[in-house]
Amino acid sequence: MPTRLNRIKLWSIGGGKGGIGKSLVTLGLGVALARMGKKVILIDGDLGGANLHTLMGVRYPHVTLEHFLAKKVDRLEDTIIETAVEGINLICGADDLMGAANPTFSQKIRLLQQIEELPAQYVLFDQGAGTSFNTLDFFNFSGGKIALFTSQTTSLQNAYGFIKSALYRKLSRDFAKDDEILQCLYHGGDAGKGNNFNTIQDLQDHFKAVNPEKQARLTQALWDFHLFLVVNMVKSNADLKAPEIIRSVCQDFLNIQPDIMGHVLFDSGVEAAISQMVPFPLHQKKSKAMVGLEQIALTLVRHSRLPRRGWNGAREAQEEEDLPLDTIITHPSRS
């Protein structure tokens with residue numbers, strides 16, 4: 001398989017629970033990228049309780065995803081709102097439309113396809129909390145996937161649960177027509193036949209022995225699921241061990257090796273900025289949180305341009321100045 005040098009345009013920030021700072025990290029990364037001269041669009045993917053516009057100081061958005069999902073506007077681009085931060089535009093989440101939190105299949109596909117047509121160099125997708133299929137599909141669709149968590153034990157547990165759910169959702173779509181793999185994946189094999197799979201490695205070892213072709217396909221699917229880890233609200237050196245814990249568990253049980261992208265220090269100024277409805281990284285010249293976010297943004301840009309085999313399932317921009325972007329969306333399978 002040839003190696004392609006493309007730029008990943010769409011990055012999703014997800015996690016297992018609310019209260020871990022996904023919206024704030026999304027905003028901070030957007031600000032950091034904008035300061036680097038990048039054109040950025042933020043999308044509030046919480047289709048039931050949107051709040052990213054509040055953090056951006058937009059009190060009453062005149063257009064949201066509701067208008068797009070309800071076909072009050074034809075193009076997702078028509079829902080873009082200009083913000084006070086140079087280089088950043090915003091698409092507000094839908095929180096007034098009954099059923100918006102559970103869009104239909106056709107609504108979801110229409111949304112995903114048009115996200116890739118947005119006029120930006122980077123699109124940051126702030127995911128809602130939880131592990132609904134829609135949240136997982138939005139996360140998996142993205143070429144860049146960031147799992148966010150804090151060092152709290154419950155957050156680590158939820159982060160691993162989110163990552164496992166996203167990976168299993170991807171595998172269930174990739175192998176939607178393969179009942180044997182799905183049976184092994186979700187039911188742990190057949191204990192009566194001596195097959196009891198506790199880890200993904202067990203599953204791979206089984207198919208390596210009985211069906212090498214399926215084992216190769218499974219290995220490729222795992223490689224395609226490339227993930228980055230960010231720990232938020234870091235207060236001590238001990239908190240910095242959190243990404244290592246997540247990576248170790250993912251290696252042991254899911255046979256994937258997420259990259260540690262960075263960390264964001266706890267910043268007491270964040271709460272004050274939220275109350276004032278201002279983008280928190282901008283109101284302090286020496287924001288502790290912003291230092292980490294700027295480093296993560298640099299890493300994001302670097303990884304966006306690295307050669308990566310198998311990163312399909314998302315549109316990739318070949319050149320930053322090529323706007324609008326004309327590339328191809330591919331999906332292994334849909335359910």
Side-chain angles (χ1 to χ4, degrees), residues 8-30 33 40-52 55 65 91 93-94 100-103 108 111-112 115-116 122-152 154-173 222 224-233 242-243 245-247 249-250 254 256-264 293 296-297 299-300 303-304 311 313-314:
I8 304 301
K9 172 185 178 182
L10 177 60
W11 288 79
S12 280
I13 295 85
K17 60 181 293 186
I20 58 174
K22 290 190 295 293
S23 296
L24 289 165
V25 168
T26 301
L27 171 56
L29 285 177
L33 290 169
V40 183
I41 291 177
L42 309 183
I43 299 179
D44 192 337
D46 193 335
L47 301 181
N51 62 7
L52 189 56
L55 299 177
L65 279 177
I91 294 178
N102 292 290
K108 182 168 58 177
L111 174 61
L112 290 173
I115 282 176
E116 296 298 342
Y122 291 94
V123 177
L124 304 183
F125 200 160
D126 176 17
Q127 298 287 305
T131 56
S132 71
F133 283 164
N134 287 316
T135 296
L136 297 178
D137 287 342
F138 290 146
F139 186 76
N140 285 339
F141 179 83
S142 305
K145 304 174 184 64
I146 298 174
L148 184 72
F149 46 89
T150 71
S151 63
Q152 294 181 344
T154 53
S155 180
L156 295 178
Q157 292 171 337
N158 279 278
Y160 173 72
F162 175 82
I163 293 169
K164 180 178 178 180
S165 295
L167 176 60
Y168 274 53
R169 175 63 172 170
K170 170 184 166 50
L171 295 177
S172 70
R173 290 162 62 96
L222 294 173
D224 290 345
F225 187 79
H226 196 79
L227 184 72
F228 297 89
L229 305 177
V230 173
V231 57
N232 193 22
M233 306 181 197
I245 294 172
I246 294 291
R247 183 162 65 174
V249 175
C250 286
L254 304 179
I256 59 173
Q257 298 180 343
D259 286 337
I260 297 176
M261 200 172 208
H263 65 273
V264 182
L293 288 163
I296 293 169
T299 303
L300 184 152
H303 278 284
S304 291
W311 276 33

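- Residues S172 and R169 approach most closely at OG-O, 2.7 Å, considering heavy atoms.
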Side chain to side chain contact (heavy atoms under 4.5 Å, CB included) for L124 and L33? Distances and angles first, verdict last. CA-CA 10 Å; L124 304 183; L33 290 169; 4.2 Å; yes
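- Annotation for T135 and A129: closest pair OG1-O, 4.4 Å, computed over non-hydrogen atoms.
- The distance from atom CD1 of I115 to atom CD1 of I91, rounded to the nearest 0.5 Å, is 7.5 Å.
- Using a 4.5 Å heavy-atom cutoff, the side chains of T299 and D259 are not in contact.
- Scanning both residues, G28 and L293, for their nearest heavy atoms gives CA-CD1, 3.7 Å.
- Checked against side-chain contact (heavy atoms from CB on, under 4.5 Å), M233 has the following partners two or more places apart in sequence or in another chain: T150, F266.
- Q127 approaches S12 most closely through the heavy-atom pair NE2-OG, 3.3 Å.
- With hydrogens and angles ignored, the 3.5 Å screen pairs no side-chain donor or acceptor of S155 with any backbone N or O of S151.
- The structure places CG of L222 at 7.5 Å from CD1 of I256, a figure rounded to the nearest 0.5 Å.
- No side-chain heavy atom of D126 sits less than 4.5 Å from a side-chain heavy atom of L42.
- Using a 4.5 Å heavy-atom cutoff, the side chains of F225 and L171 are not in contact.
- With rounding to the nearest 0.5 Å, the separation of CD1 in I246 from CG in L156 is 5.0 Å.
- The shortest side-chain heavy-atom distance between V25 and I146 does not fall under the 4.5 Å cut-off.
- Relative ring orientation between H226 and H303 is described as tilted, the plane-to-plane angle lying within the 30° to 60° band.
- Residue L167 holds its CG atom at 8.5 Å from SG of C250, rounded to the nearest 0.5 Å.
- Y168 meets the ring-ring contact (aromatic ring centres under 6.0 Å, His included) test with Y186; sequence neighbours excluded.
- Residue L52 comes nearest to D44 through the heavy atom pair N-OD2, 2.8 Å, listed as atom of the first residue, atom of the second, then distance.
- A 4.5 Å side-chain heavy-atom check between S142 and W11 finds every atom pair outside the cut-off.
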Would F228 and I296 satisfy side chain to side chain contact (heavy atoms under 4.5 Å, CB included), going step by step from the backbone distance to the final call? CA-CA 10 Å; F228 297 89; I296 293 169; over 6 Å; no
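- Note that the NZ atom of K145 and the CD1 atom of I8 stand 8.5 Å from one another [nearest 0.5 Å].
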Would L300 and Y122 count as a side chain to side chain contact (heavy atoms under 4.5 Å, CB included) if you check the C-alpha gap in whole Å, the side-chain angles of each, and the deciding distance to 0.1 Å? CA-CA 10 Å; L300 184 152; Y122 291 94; 3.7 Å; yes
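- In this structure the side chain of I20 never reaches within 4.5 angstrom of the side chain of N232, judged on heavy atoms.
- Not less than 6.0 angstrom separates the ring centroid of F162 from the ring centroid of F149.
- Closest non-hydrogen pair, F139 versus A147, comes out as CZ-N, 4.5 Å.
- Here I163 contributes atom CD1 and Y160 contributes atom OH; the two are 9.0 Å apart, rounded to the nearest 0.5 Å.
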